[in-house]
Amino acid sequence: MTEMTAELPPGRRVRLSLDRDGIIKRIFMGVIALYLVAALALPLYAMLSKSFVTYGFDLARYEFQVSDETGTVWSEPVTAEALNAELGSVPADDLRSSSDGRLTATTFFPDFSFRSPVKYRMRGTTDDAPWLVGLDLKNTTDWQEYDSNTFRRINLRPVKSVGAQNYVEYFSNPTLFSSIQNSLYIAVVSTVLTVVFAFGFAYAINRSCMPFKGAFRMIAMMPILVPSLLPGIALIYLFGNQGMMKSLLMGQSIYGPLGIVIGSVFFTFPHALIIISTALSIADQRQYEAAESLRASKWRTFWTVTIPGARYGLISAAFVTFTLVITDFGLPKVIGGQYNVLAIDIYKQVIGQQNFEMGAVVSVILLIPAVVAFLVDRQVQKKQVSLLSARSVPYQPRPDRRLEALCLAWCGTMAVFIVGIIAICQYAALIRFWPYDLSLSLKNYAFDRMDGGGWAAYWNSIKLALMTAGIGTVVIFTGAYMVEKIDGFKTGRGLFQFLAMLPMAVPGMVLGLAYIFFFNNPANPLHFIYGTMIILVISTVTHFYTVGHLTALTALKQIDAEFEPVASSLRQPFYKLFARVTVPVCLPAILDISIYLFVNAMTTVSAVVFIYSTHTALASIAVLNMDDAGDIAPAAAMGMMIFYTNAGARILHALASRRILNRTQAWRLR
Amino acid sequence: MVAMTRRGALQASAGDHVAEGSAQPYLEIADLWKSFGDFVALREVTLDIAKGEFVCFLGPSGCGKTTLLRAIAGLDPQTRGTIRQGGSDISSLPPSQRDFGIVFQSYALFPNLTVRRNIAFGLENTGRSKREIDARVTELLDLVGLPEQASKYPAQLSGGQQQRVALARAIAIDPGLLLLDEPLSALDAKVRVHLRHQIKELQRKLGVTTIMVTHDQEEALSMADRIVVINRGRIEQVGTPTEIYREPASLFVADFIGETNKVASTYQGGSVTLGDVVLATSETRIADGAAVTVAVRPEDILPHRAEDAGNGAANMLPVTITDMEFLGSYWRTHLRSDALGETPLVANFSMNAVRRLELEPGTAMAVELPAERVLVFARGA
Ligand SMILES: Nc1ncnc2c1ncn2[C@@H]1O[C@H](COP(=O)(O)OP(=O)(O)O)[C@@H](O)[C@H]1O
Ligand SMILES: [Mg+2]
């Protein structure tokens with residue numbers, strides 16, 4: 001035997017030539033990657049760079065000369081900067097501007113009169129010194145001569161500069177800065193409450209013999225079916241200025257942190273519950289038996305076995321809740337009153353003040369907690385998976401009267417809260433005129449008589465939801481398949497996986513604002529989709545991409561990894577395998593992805609609020625706008641329309657899933 | 001090459017007669033290396049396989065058998081080296097352009113397709129008519145002995161039946177090379193023995209060149225025309241089952257296949273010394289004075305009366321029986337010898353010999369270690 005050779009001999013790595021399958025797969029993945037780049041990476045980049053752009057008047061760039069009354073003798077050239085230093089006509093703060101700012105040249109000439117025979121000359125001192133004569137843009141270092149009547153129509157234009165100026169301004173503005181504190185405060189308080197409530201609920205469902213578990217589980221999922229601002233409307237009816245139970249607050253105002261926190265607990269509850277419930281459902285019976293044999297008290301067992309076992313679920317739920325609350329815009333808009341939070345600031349800067357650059361700055365700041373939360377959550381999820389793989393005996397709860405009574409009380413309270421909020425909205429939607437005329441009518445459903453988009457908005461929402469579910473499911477599932485089942489091409493797949501995970505960390509409003517920057521740029525060849533339904537579909541699919549992607553990956557990972565090798569050894573193309581085997585086997589997951597997209601497309605506000613147009617108004621936006629206009633009852637009515645639609649979609653989905661499972665049961669059963 | 005005779009016999013039975021010696025190997029693997037990052041999983045693997053041969057890759061778990069098989073299939077290409085099949089270089093061809101059928105340990109049957117559609121999967125889009133496909137599937141089902149199961153789903157079949165469906169699917173397209181990765185390891189022992197025979201029969205009938213990966217030496221010894229023993233990514237030995245067993249090329253092979261007594265010693269002029277006993281060997285390739293391990297298989301140890309030792313009798317060792325186990329066809333006997341000190345010796349004695357020599361625990365006797373059966377391996381090699 002020869003000497004042990006530890007190293008590879010020199011030479012080139014053997015690479016397989018690509019067959020047609022390989023080429024088609026790469027093209028497919030390329031197309032979907034391109035989609036993610038265009039719909040996510042580039043817009044975010046556009047936004048990020050926008051946040052570093054400032055516009056301002058640079059007075060040193062302009063030089064003037066003034067003639068005497070005869071128009072022949074000229075003064076020495078003097079820069080606008082020097083003039084301003086002498087006169088102080090424009091304070092330094094006013095030199096900052098937006099991209100459309102204008103500054104009249106006459107500001108620097110207090111003696112100016114448009115009837116005077118005095119003439120003016122001006123020129124730029126650098127190549128980039130734009131000014132307007134009426135509507136004509138000038139930009140030259142040659143002297144230009146104007147009579148006084150023309151000179152009064154001259155405006156300096158701001159020039160663009162790149163730097164952290166916007167950030168400096170943001171952090172030196174105490175009102176804006178306080179929003180960070182407010183957002184964190186709201187998010188932390190809501191997270192603690194939601195996690196505690198959800199944990200109790202999940203514990204009752206997984207660890208007790210409490211009756212009515214199915215009904216409780218269904219009620220707990222109801223908030224997913226409505227926009228996040230709906231609880232705000234209900235709270236206004238309950239505790240608002242003319243609220244039914246205003247006295248309960250003892251002088252506190254519901255408009256502000258109190259309302260936001262209560263509403264946040266409502267809409268984040270199901271999300272936290274799902275995560276914690278999963279964590280609690282994987283308990284190991286043997287650990288409890290061990291604790292019992294050691295005669296540990298129930299209380300002690302709870303703290304030494306139950307809580308540590310569920311810790312990853314708790315952490316994960318906390319981060320998800322935190323992100324949902326801090327990035328939510330609908331609720332603070334409806335019930336926040338004067339209480340400013342980051343998401344509201346973005347809205348105000350963009351819609352109110354048209355200050356897109358500052359909107360971008362706030363967006364970047366909002367991205368930070370969302371990205372941190374996302375990263376922590378990913379780490380935790382990985383640990384959770386390894387916990388799951390241990391071979392364990394599922395926990396069987398034993399009857400315990402006292403525990404059941406406690407659980408029933410806990411879940412009952414939560415159920416009353418959730419059903420109550422929705423019932424109040426329903427009641428509000430049906431009442432003629434609160435609080436003066438309590439007779440029932442359907443007049444609030446006559447959306448066409450209100451601003452906000454009318455019934456057309458509702459039908460637009462349905463269209464958006466169907467398109468999002470249809471297109472999104474195809475894109476997401478195909479993309480996940482390429483990531484999971486392509487061989488080789490490791491860097492490409494890694495990059496794709498990263499892009500697919502990214503949307504989870506990007507708040508909807510941030511994405512929407514990024515879309516303005518990216519798609520509303522006339523130089524962008526995709527500019528034509530701006531203001532259409534397509535951009536709404538793209539934005540919604542992208543915003544909710546990650547959860548669908550993860551669902552698809554989970555399903556695909558459960559499929560035997562050797563199917564592709566077998567198919568290629570049989571010289572059959574991968575798409576035949578995909579259509580005949582992969583898709584049918586994954587059908588339950590595919591249906592789950594589509595219903596998830598549908599429901600979220602119906603309820604989302606934040607992903608679309610910046611990019612809808614008058615003819616693509618949506619139901620969720622209509623709720624927002626009608627509420628804004630003071631039409632709270634119709635807003636509640638529209639919110640309930642969304643609820644019915646989603647509830648109907650869920651029922652259809654359940655029926656379809658059951659049918660498909662029945663039809664394919666033959667091969668699932670042993 | 002001893003393998004030639006067996007291969008010749010096989011080819012005759014497969015009705016595929018190729019003149020001995022002049023035939024070009026069907027599969028030629030030359031200086032193959034495979035690395036996963038820094039880890040080298042296969043080292044300088046060179047191997048020829050003749051047409052119609054049944055070859056087993058045998059070795060402990062993790063030694064690189066599957067890696068080699070996947071490289072041959074093009075599923076996970078080698079890092080260096082070439083593979084030729086049927087005379088042409090396939091080193092860089094993707095799997096779909098190679099000519100093989102494969103059965104995985106998991107069988108990878110499509111769960112939502114019936115047995116019939118599973119087997120027909122590779123026959124579709126090949127220009128065959130539906131009738132032809134149906135006829136072929138029926139023929140294959142008969143061949144693997146499952147004519148009644150055509151319309152069932154995989155989950156409704158037993159493990160052994162699933163295994164045969166996977167086999168039928170793999171051979172449906174008449175591949176030039178059949179690759180089997182631990183096809184029997186997921187089955188229980190009884191089914192496994194039965195299927196060994198079936199697979200071997202089928203292979204003989206079809207005459208298809210077959211490579212089977214296994215870590216089960218019994219499986220390899222009973223099925224293979226030739227065995228390729230792999231250890232830590234390197235081929236230790238290639239040979240017929242008898243060669244591998246009778247003439248292991250390394251201590252690893254001797255140890256991994258069958259059972260062996262091992263004693264440390266020194267080699268000197270064709271002999272090794274155990275205590276005060278000098279054993280002649282047929283080994284000639286080792287340098288004088290080298291530290292060696294002496295290996296003797298239990299069944300190669302011959303029993304003698306105590307008196308037969310001494311008188312300068314060659315390769316005789318005086319021993320005492322410490323323990324005996326009856327294993328049906330022979331007695332497994334534990335021996336102790338002054339020459340070996342603490343190292344016990346295990347020998348298999350026939351019932352006949354035990355009766356004739358009146359052997360029982362405590363008996364002093366002599367054993368003969370025939371020179372041609374004493375295996376000597378240089379240590380540290
Ligand atoms: N994709 C891979 N990446 C890294 N190491 C691998 C990979 N596949 C196999 N190995 C390693 O290569 C060695 C040989 O594996 P394998 O060929 O599967 O062994 P076996 O002989 O049991 O079939 C093992 O140590 C295994 O850990
Ligand atoms: Mg293996």
Side-chain angles (χ1 to χ4, degrees), chain A residues 1-25 486-488 490 558-588 660-661 663-670, chain B residues 31 33-35 40 43-44 70-71 73-83 91-114 117 121-126 152-156 166 169-170 172-173 175 179 181 232 234 236 249-250 381:
Chain A
M1 187 150 283
T2 52
E3 280 287 290
M4 270 292 230
T5 327
E7 294 306 314
L8 288 177
R12 281 189 43 211
R13 194 181 186 85
V14 173
R15 287 195 184 285
L16 297 186
S17 51
L18 278 182
D19 55 354
R20 222 183 49 186
D21 254 26
I23 295 169
I24 297 176
K25 278 187 192 172
I486 224 173
D487 29 58
K490 246 177 131 177
Q558 285 164 0
I559 295 190
D560 197 323
E562 317 289 16
F563 283 177
E564 274 72 20
V566 164
S568 62
S569 82
L570 296 173
R571 286 168 231 148
Q572 297 295 326
F574 84 95
Y575 46 82
K576 179 178 160 192
L577 180 74
F578 183 71
R580 292 267 307 274
V581 179
T582 315
V583 168
V585 170
C586 292
L587 211 51
I660 286 167
L661 274 181
R663 197 152 51 80
T664 56
Q665 219 165 21
W667 57 266
R668 280 180 201 278
L669 274 185
R670 281 227 153 245
Chain B
D31 199 17
W33 294 70
K34 171 75 187 178
S35 65
V40 182
R43 304 161 189 278
E44 50 181 12
R70 291 178 70 90
L75 297 171
D76 210 345
Q78 70 278 16
T79 316
R80 301 270 190 286
T82 54
I83 304 174
S91 307
S92 60
L93 289 186
S96 62
Q97 290 168 14
R98 298 189 183 192
D99 179 17
F100 69 97
I102 192 163
V103 175
F104 290 102
Q105 190 173 352
S106 67
Y107 314 141
L109 293 176
F110 307 133
N112 62 323
L113 303 183
T114 58
R117 311 244 325 251
F121 197 86
L123 298 169
E124 293 159 5
N125 316 326
T126 51
K152 288 195 179 162
Y153 289 98
Q156 296 165 319
R169 183 178 63 181
I173 55 166
L179 305 177
D181 190 355
R232 300 202 309 186
R234 196 184 278 283
E236 290 272 340
S250 66

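Everything numeric in this text was worked out from a predicted model, so none of it was measured. In the text below, chain A, chain B and the rest are named by the order of the sequence lines, each starting its count at 1.
- For B:Ile102, the parts lying under 4.5 angstrom from a heavy atom of chain A are both the backbone and the side chain.
- Between chain B and the residues A:Ala567, A:Ser17, A:Pro565, the largest count of heavy-atom pairs under 4.5 Å involves A:Ser17.
- Residue A:Ile559 does not touch chain B at all, counting heavy-atom pairs closer than 4.5 Å.
- Between A:Ser569 and B:Ile173 the shortest heavy-atom distance is O-CD1, 3.4 Å.
- Here OG1 of B:Thr126 is found 7.5 Å from CD of A:Gln572. Values are rounded to the nearest 0.5 Å.
- Between the CG atom in B:Leu123 and the CZ atom in A:Arg571 there is a gap of 11.0 Å [rounded to 0.5 Å].
- Between A:Asp560 and B:Ser106, the closest heavy-atom pair is OD2-OG, 2.8 Å.
- When each of A:Ala561, A:Gly22, A:Ser568 is scored by its heavy-atom pairs under 4.5 Å with chain B, the top score falls to A:Ser568.
- Contact annotation for A:Arg13: both backbone and side-chain heavy atoms come within less than 4.5 Å of a heavy atom of chain B.
- Taken to the nearest 0.5 Å, the CZ atom of B:Phe121 stands 5.0 Å off from the CG atom of A:Leu577.
- Side chain of B:Asn112 to main chain of A:Arg580: a donor-acceptor pair is present (N/O by atom type, distance under 3.5 Å, no hydrogens or angles).
- The parts of B:Arg169 that come within reach of chain A are both its backbone and its side chain, each placing non-hydrogen atoms under 4.5 angstrom from that chain.
- The two residues A:Leu16 and B:Pro94 have their closest heavy-atom pair at CD1-CA, 4.1 Å.
- Of the two parts of B:Gln78, the backbone and the side chain both hold a non-hydrogen atom closer than 4.5 Å to a non-hydrogen atom of chain A.
- Neither the backbone nor the side chain of B:Leu179 comes within less than 4.5 Å of any heavy atom in chain A.
- Looking only at distances, a side-chain donor or acceptor of B:Arg80 sits under 3.5 Å from a matching main-chain atom of A:Gly11.
- Heavy atoms closer than 4.5 Å to chain A are found nowhere in B:Asp76, neither backbone nor side chain.
- Between B:Glu44 atom CD and A:Leu8 atom CG the span is 11.0 Å, to the nearest 0.5 Å.
- Heavy atoms closer than 4.5 Å to chain A are found in the side chain of B:Phe104, but not in its backbone.
- Considering every non-hydrogen atom in both A:Val14 and B:Ser91, the closest pair reads CG1-O, 3.6 Å.
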